[in-house]
Amino acid sequence: MPDTPLISHLYTADPSAHVFNGRIYIYPSHDREGNIPDNDLGDQYDMVDYHVFSMDRVGGAVVDHGVALDLKDVPWASKQLWAPDAAFRNGKYYLYFPARDKQGVFRIGVAVGDRPEGPFKAEPQPIAGTFSIDPCCLNDHDSGRAWLVWGGIWGGQLQKWRKGSFDPNGEEPAASEPALGPRIAELGDDMKSFKGPVSEIQILDEQGKPLLAGDHDRRYFEGPWMHKYRGVYYLSYSTGNTHYLVYATGDNPRGPFTYRGRFLEPVIGWTTHHSIVEHGDKWWLFHHDASLSGGRNHLRCVKVKELTYSAEGLINLVR
Ligand code: FUB
């Protein structure tokens, strides 16, 4: 399979892929040109809308369904529509998305539509109890329960919530302390609120000890994705400043998870963000790099590759 961008008429990133009605839908960020210099807060990722894309199979024609949600139609948000995800339940489609609120604090909102490609109408307020970035919805058809997983450090502000409320001076834990984990909460039947508490997902090493904040090759940074394979929950994520995609497995969405390994080496560009979906009897990794813009970090392009498992259920390194 050629390693070419799936979409080249726009810059796209952070692809969350799902199969709805037998068709693959991709919910990416829509990167845009700007004059904001790169910094560790990610100010250069200054996106203002979402497009939804679809295809009947990997390798088929990719359809751009146009703008599905625009920043100006999100009453509570001020800027930076970052990595979204989507889910279907009870005849409605839900688009989950982070943005900075009017005070500059990242929150997670939800917008509702009748079709997988939108358009989506944003709720007037962010989901109560949310903060930080990168929502991922696990709609667990086996249990009938739906979960929202999210969080990202540095520009994603997760380190500012260590005391339970927003602390503008909040820092990452010291290198020898347990790393911050993504957050998870069970979605209510309305898919727009939580029906349980927000908890932190623990990621353990092979000895059962929490991964440490100084373990930059393995610790959680951003971009969580949760999927199930043969009854096991897989939590995959980006290690951020070391640029790997790695994963951990567990038997409960709330954790704990045990670190299992790396499945994508660094790509062109700083960020790495992905999703994993089954379609046509194969598993697919959707991710992005910055090859389409010649390596400009904030101008990215979505790609897809086949993902395989070993007989023991370990994810093989994707090449
Ligand atoms: O696209 C903006 C941010 O960059 C995302 O929220 C992160 O996951 C990283 O890909």
Side-chain angles (χ1 to χ4, degrees), residues 14 16 27 50 69 71 73-90 92-112 120-140 143-173 178-203 220-226 233 235 237 250 252-257:
D14 309 323
S16 291
Y27 300 85
Y50 295 112
L69 181 67
L71 178 65
D73 299 318
V74 183
W76 57 268
S78 63
K79 62 178 181 175
Q80 292 180 304
L81 290 182
W82 282 12
D85 193 18
F88 172 76
R89 186 168 274 208
N90 299 332
K92 295 281 184 195
Y93 293 86
Y94 299 87
L95 184 74
Y96 299 98
F97 60 95
R100 285 189 194 252
D101 67 14
K102 310 282 187 199
Q103 286 74 44
V105 177
F106 270 111
R107 306 279 180 183
I108 294 170
V110 59
V112 187
F120 295 97
K121 183 169 170 39
E123 292 292 300
Q125 298 293 334
I127 299 173
T130 61
F131 49 87
S132 196
I133 61 165
D134 289 359
C136 155
C137 181
L138 172 70
N139 203 351
D140 188 354
S143 67
R145 300 170 80 176
W147 304 89
L148 200 70
V149 183
W150 73 90
I153 60 174
W154 294 20
Q157 301 180 337
L158 191 59
Q159 70 282 1
K160 298 183 187 297
W161 289 89
R162 291 177 65 193
K163 295 179 181 159
S165 59
F166 186 77
D167 171 6
N169 301 315
E171 301 278 357
E172 276 182 85
L180 295 175
R183 302 301 199 264
I184 184 167
E186 184 172 2
L187 283 158
D189 298 334
D190 64 0
M191 297 291 275
K192 299 188 289 191
S193 61
F194 295 150
K195 69 170 163 193
V198 174
S199 56
E200 181 170 358
I201 298 178
Q202 261 201 326
I203 306 172
Y220 179 78
F221 190 97
E222 65 183 3
W225 186 256
M226 204 179 275
Y233 294 92
L235 169 66
Y237 56 92
N252 187 320
R254 284 194 184 275
F257 283 80

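As a basis for the values below, the full set of heavy atoms in this structure was taken, side chains included, without hydrogen atoms, waters or symmetry mates.
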Engineer: Less than 4.5 Å apart, any side-chain heavy atom of Leu235 and any of Met226?
Structural biologist: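 Leu235 vs Met226: side chains touch.
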Engineer: Quick one: closest heavy-atom pair of Asn252 and Tyr233, and the distance?
Structural biologist: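 Asn252 and Tyr233 have their closest heavy atoms at N-CD1, 3.7 Å.
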Engineer: Going by heavy atoms in the side chains, are Tyr27 and Tyr50 under 4.5 Å from each other?
Structural biologist: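 The answer is no, as the side chains (C-beta and beyond) never meet within the 4.5 Å cut-off.
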Engineer: Which residues pass the side chain to side chain contact (heavy atoms under 4.5 Å, CB included) test with Lys160, sequence neighbours left out?
Structural biologist: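 With neighbours one apart ignored, the set is Gln157, Phe166.
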Engineer: Could you tell me how the ring of Tyr93 sits relative to the ring of Phe88: parallel (under 30°), tilted (30 to 60°) or perpendicular (over 60°)?
Structural biologist: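 Answer is tilted, since the angle falls between 30° and 60°.
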Engineer: State whether the side chain of Asp85 and the backbone N or O of Ser16 hold a donor-acceptor pair below 3.5 Å, judged by distance alone.
Structural biologist: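 No, Asp85 side chain to Ser16 backbone: no donor-acceptor pair under 3.5 Å.
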Engineer: Are Leu138 and Ile184 side-chain neighbours, meaning at least one heavy-atom pair lies under 4.5 Å?
Structural biologist: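 When only atoms from C-beta onward are counted, Ile184 and Leu138 do not touch, as no gap falls below 4.5 Å.
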Engineer: Can you find a pair of side-chain heavy atoms, one from Asp167 and one from Arg162, that are under 4.5 Å apart?
Structural biologist: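 A side-chain contact under 4.5 Å is absent here.
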Engineer: Going by the rule side chain to side chain contact (heavy atoms under 4.5 Å, CB included), which residues pair with Pro178 if we only count those two or more places apart in sequence or in a different chain?
Structural biologist: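 With neighbours one apart ignored, the set is Pro210.
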Engineer: Determine, for Lys195 against Asp189, whether the closest basic-nitrogen to carboxylate-oxygen distance falls under 4.0 angstrom.
Structural biologist: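 The answer is yes: the pair qualifies as a salt bridge.
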Engineer: Give, for atom CD1 of Ile201 and atom CH2 of Trp147, the distance between the pair rounded to the nearest 0.5 Å.
Structural biologist: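 Going from CD1 on Ile201 over to CH2 on Trp147, the span is 9.5 Å.
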Engineer: Please report the interatomic distance CG(Leu158) to CD(Glu222), rounded to the nearest 0.5 Å.
Structural biologist: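 The CG atom of Leu158 sits 10.5 Å away from the CD atom of Glu222.
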Engineer: For residues Ile127 and Ser193, report the shortest heavy-atom separation together with the two atoms involved.
Structural biologist: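 In this case the closest contact between Ile127 and Ser193 is CG2-CA, 4.3 Å.
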Engineer: Kindly indicate, with the supporting measurements, whether the criterion side-chain hydrogen bond (donor to acceptor under 3.5 Å, both in side chains) is fulfilled by Glu172 and Trp154.
Structural biologist: CA-CA 8 Å; Glu172 276 182 85; Trp154 294 20; 2.8 Å; yes
Engineer: Between Lys79 (side chain) and Ala99 (backbone), is there a donor-acceptor pair under 3.5 Å?
Structural biologist: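 Answer holds: no.
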Engineer: If you count heavy atoms of other groups shown closer than 6.0 angstrom to NZ of Lys102, is the number above 12?
Structural biologist: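 Check passes, neighbour count above 12.
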Engineer: Could you give the distance from NZ (Lys121) to CG (Leu69), rounded to the nearest 0.5 Å?
Structural biologist: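 One finds 10.5 Å between NZ of Lys121 and CG of Leu69.
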Engineer: Does the side chain of Cys137 come within less than 4.5 Å of Met191's, by heavy atoms?
Structural biologist: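 Side-chain contact under 4.5 Å: yes.
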Engineer: I'd like to know if the side chain of Asp134 reaches the main chain of Gly223, judged simply by a donor and an acceptor atom lying under 3.5 Å from each other, with no hydrogens or angles considered.
Structural biologist: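 Pair found, side chain donor or acceptor close to backbone of Gly223.
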Engineer: Tell me the closest heavy-atom pair linking Ala83 and Pro135, and the distance in Å.
Structural biologist: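 Closest approach of Ala83 to Pro135: O-CD, 3.3 Å.
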Engineer: Taking atom CZ of Phe97 and atom CG of Leu71, what is their separation to the nearest 0.5 Å?
Structural biologist: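 The CZ atom of Phe97 sits 9.0 Å away from the CG atom of Leu71.
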Engineer: Taking all heavy atoms of Trp161 and all of Arg107, pick out the closest pair and write down the distance.
Structural biologist: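 Heavy atoms of Trp161 and Arg107 come nearest at CH2-NH1, 3.7 Å.
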Engineer: A side-chain contact here means heavy atoms from C-beta on lying under 4.5 Å apart; do Val149 and Tyr237 qualify?
Structural biologist: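 No - every pair of side-chain heavy atoms lies 4.5 Å or more apart.
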Engineer: Taking the side chain as every heavy atom from C-beta outward, state whether Phe194 and Leu187 have any pair of such atoms under 4.5 Å apart.
Structural biologist: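 In short, these two side chains touch, coming nearer than 4.5 Å.
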Engineer: Which of parallel (below 30°), tilted (30 to 60°) and perpendicular (above 60°) describes Phe131 and Trp150?
Structural biologist: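 Perpendicular: the ring planes of Phe131 and Trp150 meet at over 60°.
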Engineer: Show the nearest heavy-atom pair for residues Val198 and Gly129, with the distance to one decimal.
Structural biologist: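 For Val198 versus Gly129, the nearest heavy atoms are CG2-O, 4.0 Å.
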Engineer: For Ile108 versus Trp76, what's the shortest heavy-atom pair and its separation?
Structural biologist: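 In terms of heavy atoms, the two residues are closest at C-CZ2, 4.2 Å.
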Engineer: Under a 4.5 Å cut-off applied to non-hydrogen side-chain atoms, are Ile203 and Pro182 in contact?
Structural biologist: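 Counting from C-beta outward, Ile203 and Pro182 do come under 4.5 Å.
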Engineer: Applying side chain to side chain contact (heavy atoms under 4.5 Å, CB included), name anything that partners Gln80, two or more places apart in sequence or on another chain.
Structural biologist: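 Gln80 satisfies side chain to side chain contact (heavy atoms under 4.5 Å, CB included) with Asp43, Asp46, Trp82, Arg100, Phe106 only.
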Engineer: Would you check if the side chain of Tyr220 reaches a backbone N or O of Gly151 as a donor-acceptor pair within less than 3.5 Å?
Structural biologist: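 The answer is yes, because a donor-acceptor pair under 3.5 Å joins these two groups.
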